[in-house]
Amino acid sequence: MTDFDPPLRLHLDGNALIANWSYLQAQGNAACGAAVKADGYGLGAREVVTRLRDAGCRDFFVAHWAEAEAIADLVPPHWISVLNGLDAADIPAIRKLGAIPVLNTPQQLARWKQSAGGTCHVMFDSGINRLGIGPEQFSSEMFDGLNVDIAMSHLASADEDSPQNRQQLVRFCEQSSVVQSRRKSLANSAGIMLGPDYHFDLTRPGLALYGGVARPELADTIAPVIRISAKILQIRRIGAGETVGYNATFLCKTPIPTATVSIGYADGYFRGFSGRGSGVANGVKLPVLGRVSMDLVTLDISAAPHLAEGDWVDMSLDLPDASRVSGMSQYELLVLLGSRYHRHWQ
């Protein structure tokens with residue numbers, strides 16, 4: 001806690017979060033879970049889990065065991081799945097915590113069985129060639145004795161109309177048939193929009209929950225969840241022939257009023273926005289001038305000359321547009337939001 005009022009605000013729309021989850025849930029007959037790894041994609045896992053839990057979500061996916069521990073008091077621990085597997089040293093703490101491991105390798109399968117087993121999930125690699133048991137690793141006995149809740153895999157190219165999607169679907173059907181499981185799961189945010197064939201029993205959206213547009217079909221339905229505001233620290237008038245920012249990448253051709261605002265790449269507003277991004281005041285765009293610094297951005301406020309020191313401007317971060325402008329993925333723009341914001345849930 002601090003007595004200081006941070007000059008950065010991250011406005012978070014809980015109603016939009018729930019609306020996005022509800023829309024994805026309604027796309028088929030499968031249950032809809034939620035990927036809340038990386039601290040709820042940068043928004044705050046505890047706040048996200050609480051809201052989605054109250055909306056009816058019953059399956060939450062994290063990457064690390066510490067992430068599971070951080071939310072285990074909010075939901076029954078067996079609602080939490082840990083995607084990155086387990087080490088032998090983790091098993092006593094896993095037993096105590098009660099979250100469910102996703103087993104990704106033959107060694108993890110054996111390790112879990114040797115430790116007396118219990119409920120687990122199994123990840124098959126159907127073509128992304130990351131984590132997951134590949135077809136060359138299968139043996140007839142490796143799944144014997146396992147209590148498997150979810151057999152799952154992960155799509156590599158669901159955000160595109162790629163032949164790989166159907167290839168992975170076919171392979172996953174073949175792979176998951178070799179293990180007895182209560183449920184099957186394949187689709188991420190983009191995969192949900194590929195249709196019911198990809199839904200199985202449970203979908204696992206992430207990006208779309210938080211306002212990201214994973215496929216064009218979602219552009220008119222997924223609501224933005226985040227809005228960034230930054231305080232104006234200084235107003236200046238820059239003369240013709242003067243430059244702005246590091247390496248003098250912007251040259252003033254005519255005198256212009258400028259505002260320097262308290263945001264930079266330390267806050268997830270990256271150098272890719274240099275000379276390309278914009279702030280917004282009263283619906284008017286204010287172009288970024290020159291390089292984005294670690295803590296500061298300078299804006300051209302010619303279109304909003306009424307702005308003064310201490311006023312606030314929004315920094316345009318519509319995720320699909322910001323991705324196009326900055327060259328960063330929508331995922332990066334979310335999970336790399338810095339820690340200096342005052343986070344305000346509505």
Side-chain angles (χ1 to χ4, degrees), residues 8-27 32 34-44 48 52 128 154-162 164-165 187-195 198 203-230 263-265 267-281 283-288 292 297 299 313-338 341 343 346:
L8 277 170
R9 295 172 180 168
L10 184 61
H11 307 273
L12 299 157
D13 189 336
N15 290 330
L17 174 75
I18 293 169
N20 292 339
W21 179 81
S22 298
Y23 174 80
L24 296 167
Q25 164 82 40
Q27 296 314 294
C32 185
V36 296
K37 57 187 179 177
D39 196 25
Y41 280 50
L43 276 64
V48 169
L52 294 182
I128 195 171
H154 193 72
L155 294 164
S157 303
D159 56 341
E160 303 173 351
D161 292 326
S162 168
Q164 187 179 23
N165 297 325
N188 53 10
S189 294
I192 291 172
M193 304 312 294
L194 295 177
Y198 292 81
T203 60
R204 312 190 310 270
L207 180 67
L209 296 175
Y210 308 108
V213 177
R215 280 186 64 92
E217 297 93 329
L218 294 168
D220 295 328
T221 53
I222 292 299
V225 176
I226 65 170
R227 179 170 62 87
I228 290 174
S229 298
I263 193 170
Y265 56 76
D267 310 298
Y269 196 80
F270 299 105
R271 284 182 64 142
F273 290 107
S274 299
R276 296 171 59 83
S278 60
V280 180
V284 176
K285 283 193 173 185
L286 311 173
V288 170
V292 173
V297 168
L299 303 174
V313 297
D314 288 346
M315 298 305 295
S316 183
L317 204 66
D318 171 80
L319 287 171
D321 183 63
S323 176
R324 178 186 58 80
V325 168
S326 68
M328 307 287 285
S329 75
Q330 295 179 66
Y331 299 88
E332 291 169 298
L333 292 170
L334 282 169
V335 302
L336 295 177
L337 290 167
Y341 294 95
R343 283 168 160 79
Q346 299 168 307

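Positions are given from 1 along the sequence.
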Next on the checklist: What verdict does the side chain to side chain contact (heavy atoms under 4.5 Å, CB included) test give for M315 and L299, after you've listed the backbone C-alpha separation in whole Å, the side-chain angles of each residue and the deciding distance to 0.1 Å?
Outcome noted: CA-CA 10 Å; M315 298 305 295; L299 303 174; 4.3 Å; yes

Next on the checklist: Please determine whether side chain to side chain contact (heavy atoms under 4.5 Å, CB included) holds for the pair V297 and F273, giving the CA-CA distance in whole Å, both sets of side-chain angles, and the decisive distance to 0.1 Å.
Outcome noted: CA-CA 10 Å; V297 168; F273 290 107; over 6 Å; no

Item to check | Verdict with supporting geometry, Y210 and I226, side chain to side chain contact (heavy atoms under 4.5 Å, CB included) | outcome: CA-CA 8 Å; Y210 308 108; I226 65 170; over 6 Å; no

Item to check | I228 vs Y269, side chain to side chain contact (heavy atoms under 4.5 Å, CB included): CA-CA, chis, key distance, verdict | outcome: CA-CA 10 Å; I228 290 174; Y269 196 80; 5.8 Å; no

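A distance of 12.0 Å separates CD1 in I192 from CZ in R215, rounded to the nearest 0.5 Å. If you take CD on Q25 and CD1 on I18, they are separated by 13.0 Å, rounding to the nearest 0.5 Å. Residue L334 holds its CG atom at 7.5 Å from CG of L317, rounded to the nearest 0.5 Å. Separating the CG atom in L336 from the CE atom in M328 is a distance of 5.5 Å, to the nearest 0.5 Å. We find the CG-CD1 distance between L209 and I222 to be 7.5 Å, quoted to the nearest 0.5 Å. Distance CZ/R343 to CG/L337: 6.5 Å, rounded to 0.5 Å.
Minimum heavy-atom separation, G211 to N20: N-ND2, 3.8 Å. Across A34 and L52, no two heavy atoms sit closer than the pair CB-CD1, 3.6 Å. Listed here is the closest heavy atom pair of A158 and N188: CB-OD1, 3.8 Å. Taking all atoms of both residues into account, the shortest heavy-atom contact from G212 to L319 is N-CD1, 3.7 Å. Across all non-hydrogen atoms, the minimal contact from P224 to D13 is O-CB, 4.4 Å. The minimum heavy-atom distance linking A208 with L24 is given by the pair CB-CD1, 3.9 Å.
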Identify every side-chain donor-acceptor pair in residues 37-44 under 3.5 Å, counting partners at least two apart or on other chains, and give the distances.
| unit_1 | atom_1 | unit_2 | atom_2 | d |
| --- | --- | --- | --- | --- |
| D39 | OD1 | A45 | N | 2.8 |

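Side-chain N or O atoms of Q346 include none that pairs as donor or acceptor with a backbone N or O of H11 at under 3.5 Å. Of the possible polar contacts, none joining the S229 side chain to the D314 backbone as a donor-acceptor pair under 3.5 Å is found. Between the side chain of Y341 and the main chain of D267, a donor-acceptor pair closer than 3.5 Å is present. Judged by distance alone, with hydrogens and angles left aside, the side-chain atoms of R276 form no donor-acceptor pair with the main-chain N or O of S326 at under 3.5 Å. No side-chain donor-acceptor contact under 3.5 Å links E160 to the backbone of S157.
The closest side-chain heavy-atom distance from Y331 to L207 is below 4.5 Å.
For R271, the salt bridge (Lys or Arg N to Asp or Glu O under 4.0 Å) criterion is met by no residue, not counting sequence neighbours.
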